[in-house]
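Reading through the structure tokens given below for one structure.
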Amino acid sequence: MKKIEAIIRPEKLEPVRTALAEIGVFGMTVSEVSGRGRQMGVALQWRVGEYRVEFLPKVKIEAVVLDEDVGKTLNIIVRKARTGDRGDGKIFVLPVDNAIRIRTGDEGESAI
Amino acid sequence: MKKIEAIIRPEKLEPVRTALAEIGVFGMTVSEVSGRGRQMGVALQWRVGEYRVEFLPKVKIEAVVLDEDVGKTLNIIVRKARTGDRGDGKIFVLPVDNAIRIRTGDEGESAI
Amino acid sequence: MKKIEAIIRPEKLEPVRTALAEIGVFGMTVSEVSGRGRQMGVALQWRVGEYRVEFLPKVKIEAVVLDEDVGKTLNIIVRKARTGDRGDGKIFVLPVDNAIRIRTGDEGESAI
Amino acid sequence: MVNNGDTAWLLVSAALVMLMTPGLALFYGGMVRRKNVLSTIMMSFVLLGLIGLLWLLYGYSLGFGPNLGGIIGNLDFVGLRNVGQSPSAVYATTVPQLAYMIFQAMFAVITVALWTGGVVERTKFSAFLILAVLWFTVVYCPVAHWVWGHGGWLAKLGVLDFAGGIVVHISAGMSALALALLLRPRKGFKEKEPMEPHNIPMVIMGTGLLWFGWFGFNAGSALTSGGLASSAFVATNASAAAAALTWMVLGWIHRRPSVLGVATGAVAGLAAVTPAAGFIPPLAGVPIGIVAAVICYYCMVLRAKGGIDESLDVWAVHGMGGIWGTLAVGIFASVAVNSAGANGLIHGSGIQLAKQLAGVASVATFAFVATWVLGKIVDRIIGLRVKEDEEVVGLDISQHGERAYGGISP
Amino acid sequence: MVNNGDTAWLLVSAALVMLMTPGLALFYGGMVRRKNVLSTIMMSFVLLGLIGLLWLLYGYSLGFGPNLGGIIGNLDFVGLRNVGQSPSAVYATTVPQLAYMIFQAMFAVITVALWTGGVVERTKFSAFLILAVLWFTVVYCPVAHWVWGHGGWLAKLGVLDFAGGIVVHISAGMSALALALLLRPRKGFKEKEPMEPHNIPMVIMGTGLLWFGWFGFNAGSALTSGGLASSAFVATNASAAAAALTWMVLGWIHRRPSVLGVATGAVAGLAAVTPAAGFIPPLAGVPIGIVAAVICYYCMVLRAKGGIDESLDVWAVHGMGGIWGTLAVGIFASVAVNSAGANGLIHGSGIQLAKQLAGVASVATFAFVATWVLGKIVDRIIGLRVKEDEEVVGLDISQHGERAYGGISP
Amino acid sequence: MVNNGDTAWLLVSAALVMLMTPGLALFYGGMVRRKNVLSTIMMSFVLLGLIGLLWLLYGYSLGFGPNLGGIIGNLDFVGLRNVGQSPSAVYATTVPQLAYMIFQAMFAVITVALWTGGVVERTKFSAFLILAVLWFTVVYCPVAHWVWGHGGWLAKLGVLDFAGGIVVHISAGMSALALALLLRPRKGFKEKEPMEPHNIPMVIMGTGLLWFGWFGFNAGSALTSGGLASSAFVATNASAAAAALTWMVLGWIHRRPSVLGVATGAVAGLAAVTPAAGFIPPLAGVPIGIVAAVICYYCMVLRAKGGIDESLDVWAVHGMGGIWGTLAVGIFASVAVNSAGANGLIHGSGIQLAKQLAGVASVATFAFVATWVLGKIVDRIIGLRVKEDEEVVGLDISQHGERAYGGISP
Ligand SMILES: Nc1ncnc2c1ncn2[C@@H]1O[C@H](COP(=O)(O)OP(=O)(O)O)[C@@H](O)[C@H]1O
Ligand SMILES: Nc1ncnc2c1ncn2[C@@H]1O[C@H](COP(=O)(O)OP(=O)(O)O)[C@@H](O)[C@H]1O
Ligand SMILES: Nc1ncnc2c1ncn2[C@@H]1O[C@H](COP(=O)(O)OP(=O)(O)O)[C@@H](O)[C@H]1O
């Protein structure tokens, strides 16, 4: 099992979600985050001046998937979340020791 | 040390928190997230129609605990967060390399 | 590659961000979280009484960095986020298996 | 004869009182948890439709139609029959009766809305609607007739209620208490789970609109534009100001000066001065407001200690504030201010205080008992309370299929 | 002769109608996605400046200046020339002409604001401003003159429009439809992406202010304080109440009683009663409101089924509501209520209904066609729509360089 | 003799001005950071209590009591002694003196509230309350007397201030500057940390209420209902509209058309036209608004460049807007509009401009100096500023023990 953490543009959540559902990856947890990287921040206006906002809104998808699904999951996310401009985001893959489904108490691979 | 990430129903936060405190697990970080899984989304109303919301509100608890505490922590969470209906959530256990307490600079097990 | 998760006081985000930028750590993802630990919660007022809020606002910084940058990153965060009072927060270091830049598809160290 | 200055003032006042219901929706809506804000707002807002309609159909007739035995109006005014552009012979004789009727409509709407503060976050919406209709018919219309109707028995007794201390605040406050007892506490209340107000700026916005609208409520109740309206206006503001400050000080003594406290104090002061506004010298608003804040504050403490989940304290603020204000008429009233009024204790007579006491006691008892009975009936038939899991998920989703603030959206 | 009761009422009414534009900004702003809320609010709010100014400069003259061939006013009143503290000879003859002029200004502002509901979340701000100026000049001012101007051809025909069913609601509703067709749907609309309203309490707040302000709109249109204003006031509230409840019931039949639905119903009822308020017996507001809710509800269903992204349903609510209400004048009107009015079907004459139909047909057609042409022209010259990535990022940032709710901040 | 049309108008106006204080609370509250929104709102809202009370107790007497040497009113009106339902002999002679008194009360409240915009996000609440009482007593009441009091020295000099350009805006603006200098910048200001407004829709909501209420402020200051009120109403709207648009254009030239900019411009236009509204031909509101936007815009740029953290720019908008508007009386005024006024430059006389200059200079200086001294005293005794960690945590929690928006809740 691996945990996939993808930081993507908010407007790409819908396409990514739909495409993942098509390959059977349903379970995921999503949150609104603020990101910073090569994409510069944005200048916003105040009444007469402007100020820089360093962090831009991003969406973080967290999905724990079976080892054999990691490849295709990454693939789909990269394909669906890309625009080619700076700020498309990153995907990180982290090891997971165990998973439990609270409803049933199932552990391990059958839990996800 | 392990990092425990539990995605639970928002209304279960209070019972889980209290029960964990009883076994000495105090430190934790909590955030509001949106989840998707076997539990279907929910249909909400618009002025005359409806639309589906795919993601439901969940709460994510993150707690780094000593290896020996992992078992009982999982146990408590499963017991306190369960309703038996779809959507109860998941717990993931992730390895942690190191921990530091910012206030003191302590590293490792003594930091948590 | 390691993932550094730092839970800090909200007002320390700016100094930490600036100091990290100076040593070349630009990429990061930030979110608003609620934390609990040795720092007690806070008592807030209701119309005539008060109630305890167990969770206090914190900011979580997530940054994936190269192995060789872990030390100095931790160092900076500890230095810049410390006040010496309870509630300064924690830093956790987690292993990362892989990283991908969505824009280019680059994998591994070159992705971050 | 219609006077167009008076009519302008009464129409404006009707509009101001109308605005109080959305104001109350925000005041209450900001104090509940995020998952119940729409439900809370809806329980006020929908009454602009429901009670607004029933008032035209039969409410005005029951309340202000020609008197039947001091108890209720007859059906002469049903469906606005005989209610037209010329003035009534007995009410507000310088403005079109339609204007007086619609001014009164707004009072009926907000009175029902007021007691919803006692039952938020757990009441089934369908049951609420039925209860609202029953309560309006069985409690509000009769009480309005007793106190304000031409020939109403409390009116004949000489009970004075300028703008609704009895009719509005006591009846709503006692009813909220009865219903809260019937419904029992929200899940988590006994366990002292924090029920943090989800949006205090929304509460303040609501308070601002309430205060603003209250000028129509109280000064509009002069039913003419001129000296009396001005006097009532000043008394209203004086009491609100004094009570807001007093509440702040009380909160400060125990903890810190709270924003929610200032808002609550202002509402307590406004409620308390309502029955008195047009009978008292305007400066008497100050002691009325100060005492109102003290009484309401400690009643709230008491209610909380008693473990009663009368959730937004309608009893403590409106019920007890209204009782104090109604009695205060018997203390501060002066015929020099309003010749249609009376002299209170300070101006030499204790009789009025006794009358006021009679009015308070009878309506407080009636409202509490009648509401309890109505609530029991509705509870038996369809159940007053949502199911536990509906309460847990929140009433916005379970009752209305909506959520207040959109989630993650592209 | 200036009457100061009437003037007080008209000035208050002007202020109330002014408040409707911020109210509408919130009503619309709460229904869009978070990334477009400022843009949506701005498209209403900026008109207080833009149209507010143009009305003084030439709008009032085109609308209400001495008549040129029944089509338009001349330039006698440009820059408020000849518009002073004494009453006009032909409009509102008991109040200063300045008061009448500014009351009318507020109508012009909100009419333009109304149709922005059809084009939110995708319109380029610069193009919008140009379109607003053109529309105001080419559509609003002439139509106002036809219907309300002394000598306007529809007025001469005997078409009745008490407070703007034709001038305001039909013209805005048909124009919103034309522009929505021109602009095509928002990105994601065809794919049925959820476009969740980001803040429903904001919508309710807006509805409360609209309802409140509508008393100035409709009862203020009596232009005097007294019986007629009172009657229009009551009819307005009756229709709003009936429509709000009806919409709730319709929603409940299909799903659950929706808070957004009650708000929408109230607005539909208010829009529908607008042309009728001062011509009908007040209780006729009830059937007008009920039918309005049914018509608007199913028109909204239809619009959605048709795949047309007239985003906030200005056509269904204001256009169709306004058409129904204008025809309803021909059904319910009675000279017993307003001697300057007429008798409708129920009171014995079908002629008025025919006249109303003529008014509806001509203005609906004109507004749709003229707006389409204006939209096409602006689109050709500078493009009506933002670029795709600007739409994706949201108009708040792309058009205004601002975001509504601050991010993480120390 | 009390005229009930005039009284209706003045009471409505008083209510409208009252609503401006909650409006201002939202206007300011939306512009600060999330952690300080309640504190910011409170600094306005609590004044409805504090100043509302003090005005009755002694403020009205100091401001409008029988004159002592041109400087201050005597104590004849303390505690509303001699202030009753009949008109004053010298002020607003057609309305009850109580109505005039309470109308003036609302001005006092909002004037104090205005300068809080300069000191938000760092002022200790207890110190603020003390300062507010002192400022009200030592600055507001005397200045009101000088300009508006019967026998006040500036009034006798012939300085004209229709609705408070000097008394309200200049005094608040200069005082905000003095206090901001005393308090020094917020932590993070020098480091250019972003201080993003946390809720711009809240700012717009506040602006809408301010604009609405300002009709009471300016047109109400005619103190009668009729031609003059209508004229002032139109001038007010003209200036607001022109200034809102102008600010938008200025912002567009440098960057993009900002929503916050339109709101700010509107307020600048409203502030600037305040002293002039009832003395000028209504169309003169247009140039007054345009120039106001330009002046205030660049003063704001200047202030920011100067590194002065006068946080919400009360000086730039109200101070400088008020100065410009007061001088504009000397340019545009015409006795044809108001026979109690004067002719300005355009209508043939330069004298009035000189008088206006005298009024501006004396009050601007006095307000700045007196406020500085009062601020210094309070700072010495209990400290004006919160401790650093209190500022960092936010004033909502540190001063009031509350937070605006609930956290994670079940
Ligand atoms: N090292 C990192 N650790 C964690 N998150 C990162 C890191 N680098 C980038 N991110 C996240 O990815 C987002 C996009 O990164 P950015 O460098 O701007 O664009 P790109 O990946 O297209 O070059 C950032 O806004 C941030 O949320
Ligand atoms: N594979 C997964 N990765 C990450 N989060 C998941 C995953 N599966 C489920 N979740 C989270 O757990 C929540 C509950 O899961 P769900 O499948 O709906 O219920 P249950 O676990 O009771 O079958 C989801 O809403 C989501 O937040
Ligand atoms: N074991 C833990 N797991 C996850 N987060 C923790 C843990 N312990 C503390 N935290 C986070 O760190 C924050 C600060 O911890 P706290 O114990 O209050 O202060 P300190 O680290 O200074 O002793 C908490 O609010 C919480 O967000």
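Chain identifiers are assigned alphabetically (A, B, ...) following the order of the sequence lines, protein sequences preceding nucleic acid strands; residue numbering begins at 1 within each chain. Keep in mind the model is a prediction, meaning the values are calculated, not measured.
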Close side-chain approach of I91(C) and I102(B), heavy atoms under 4.5 Å: yes
Heavy-atom proximity to chain C below 4.5 Å, by part of L13(B): side chain
Determine which donor-acceptor pairs between chain C and chain B fall under 3.5 Å and list them with their distances.
| from | atom 1 | to | atom 2 | distance (Å) |
| --- | --- | --- | --- | --- |
| K2(C) | NZ | D97(B) | OD2 | 2.5 |
| E5(C) | OE1 | K3(B) | NZ | 2.9 |
| E5(C) | OE2 | K3(B) | NZ | 3.0 |
| S34(C) | N | V30(B) | O | 2.8 |
| S34(C) | O | V30(B) | N | 2.7 |
| R36(C) | N | M28(B) | O | 2.9 |
| R36(C) | O | M28(B) | N | 3.0 |
| K60(C) | NZ | E62(B) | OE1 | 2.9 |
| K60(C) | NZ | E62(B) | OE2 | 2.9 |
| R82(C) | NE | I102(B) | O | 3.1 |
| R82(C) | NE | R103(B) | O | 3.2 |
| R82(C) | NH2 | I102(B) | O | 3.4 |
| G89(C) | O | I102(B) | N | 3.0 |
| K90(C) | NZ | A111(B) | O | 3.4 |
| I91(C) | N | I100(B) | O | 2.8 |
| I91(C) | O | I100(B) | N | 2.7 |
| V93(C) | N | N98(B) | O | 2.9 |
| V93(C) | O | D97(B) | N | 2.7 |
| V93(C) | O | N98(B) | N | 3.4 |

Nearest non-hydrogen partners of P95(B) and P95(C), listed with the distance: O-CD, 3.4 Å
Contacting moiety of I4(C), where chain B heavy atoms sit under 4.5 Å: neither
Derivation and outcome, side-chain contact (heavy atoms from CB on, under 4.5 Å), residues V33(C) and V30(B): CA-CA 6 Å; V33(C) 297; V30(B) 166; over 6 Å; no
Among the listed options G37(C), G89(C), G35(C), G87(C), the residue most often paired with chain B at heavy-atom distances under 4.5 Å: G89(C)
Beyond-backbone contact of F92(C) with I100(B), side-chain heavy atoms, under 4.5 angstrom: no
